[in-house]
S.K.: 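Pasting a structure here, questions to come.
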Amino acid sequence: MNPSSSKHNYQIGQHLKRLRKQSKLTQSNIGDQVSVCFQQVQKWEKGINRIYADQLLQICELNDWNIKEFKASESSVSALESKLTQPLS
């Protein structure tokens, strides 16, 4: 993993943590929404593991959060949006 992607993972994780706490949700609550354990959510929040785009989108939809708030940089948002609009093969 290159340093810039781990930086983006950390920024996205920290934003997830902030929104989760503002919404008074636990890591277990978030994990239950996308069928992962709270330890996985903890790793996302610390930037250790990368959250999949579909998981982030599902969490945002279930909690009424705007996915665009997770923008780490213009290029990462563009890459995420292009992946979300690509047809499944």
Side-chain angles (χ1 to χ4, degrees):
M1 185 180 309
N2 70 44
S4 68
S5 68
S6 60
K7 177 182 146 192
H8 294 311
N9 293 341
Y10 179 76
Q11 290 172 338
I12 289 169
Q14 288 299 293
H15 194 68
L16 174 63
K17 182 177 183 177
R18 185 175 58 76
L19 287 174
R20 175 180 63 77
K21 287 185 171 195
Q22 284 177 352
S23 299
K24 297 183 178 17
L25 296 169
T26 66
Q27 291 173 335
S28 293
N29 296 142
I30 296 295
D32 289 346
Q33 292 175 349
V34 289
S35 302
V36 300
C37 62
F38 78 90
Q39 291 98 332
Q40 181 61 47
V41 177
Q42 188 176 57
K43 289 177 183 180
W44 292 338
E45 291 181 353
K46 290 181 178 182
I48 296 169
N49 287 358
R50 179 181 304 172
I51 187 170
Y52 292 119
D54 60 333
Q55 291 171 316
L56 183 57
L57 185 61
Q58 184 177 357
I59 291 168
C60 287
E61 288 174 349
L62 289 170
N63 294 294
D64 232 8
W65 300 339
N66 185 344
I67 188 101
K68 292 187 179 189
E69 290 181 33
F70 282 84
K71 163 166 86 167
S73 71
E74 288 300 319
S75 60
S76 62
V77 169
S78 296
L80 176 63
E81 287 176 341
S82 70
K83 286 182 182 181
L84 292 175
T85 58
Q86 288 177 354
L88 297 174
S89 48

S.K.: Start with the C-alpha distance between N29 and T26, add both sets of side-chain angles, then the distance that settles side-chain hydrogen bond (donor to acceptor under 3.5 Å, both in side chains), and finish with yes or no.
M.R.: CA-CA 5 Å; N29 296 142; T26 66; 3.0 Å; yes
S.K.: Could you tell me which residues satisfy side chain to side chain contact (heavy atoms under 4.5 Å, CB included) with N66, sequence neighbours excluded, listed by chain and number?
M.R.: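 K68, E69.
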S.K.: Can you see which heavy atom on V41 is nearest to which on Q27, and at what distance?
M.R.: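 Looking at all heavy atoms of both residues, the shortest contact is CG2-O, 3.6 Å.
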S.K.: Got a second to check how far L19's CG is from I59's CD1, nearest 0.5 Å?
M.R.: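 Answer rounded to 0.5 Å: 10.5 Å.
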S.K.: Once side-chain hydrogen bond (donor to acceptor under 3.5 Å, both in side chains) is applied, do any residues pair with Q58, and if so which ones, sequence neighbours excluded?
M.R.: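 side-chain hydrogen bond (donor to acceptor under 3.5 Å, both in side chains) list for Q58, sorted by chain: empty.
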S.K.: Quick one: list whatever passes side-chain hydrogen bond (donor to acceptor under 3.5 Å, both in side chains) with Q55, sequence neighbours left out.
M.R.: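 Not a single residue meets the side-chain hydrogen bond (donor to acceptor under 3.5 Å, both in side chains) criterion with Q55.
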S.K.: Under the rule for side-chain hydrogen bond (donor to acceptor under 3.5 Å, both in side chains), what residues qualify as partners of S23, not counting sequence neighbours?
M.R.: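 Testing S23 for side-chain hydrogen bond (donor to acceptor under 3.5 Å, both in side chains), a comparison that skips the adjacent residues, returns W65.
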S.K.: Answer yes or no: is there a side-chain heavy-atom contact under 4.5 Å between I30 and N63?
M.R.: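 I30 vs N63: side chains touch.
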S.K.: Which heavy atom in Q33 sits nearest to a heavy atom in L62, and how many Å separate them?
M.R.: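 Heavy atoms of Q33 and L62 come nearest at CB-CD1, 3.7 Å.
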S.K.: Working to the nearest 0.5 angstrom, can you tell me the gap between L16 CG and R18 CZ?
M.R.: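 CZ of R18 is found 10.5 Å from CG of L16.
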S.K.: Just grab all the ring pair (Phe, Tyr, Trp, His ring centres under 6.0 Å) pairs involving residues 13-56, residues at least two apart or on different chains.
M.R.: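 Residue pairs with at least one partner in residues 13-56: H15-F70.
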S.K.: Which pairs, with at least one residue in residues 19-47 and sequence neighbours excluded, count as a salt bridge (charged side-chain N to carboxylate O under 4.0 Å, His left out)?
M.R.: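 Qualifying pairs, neighbours excluded: R20-E45.
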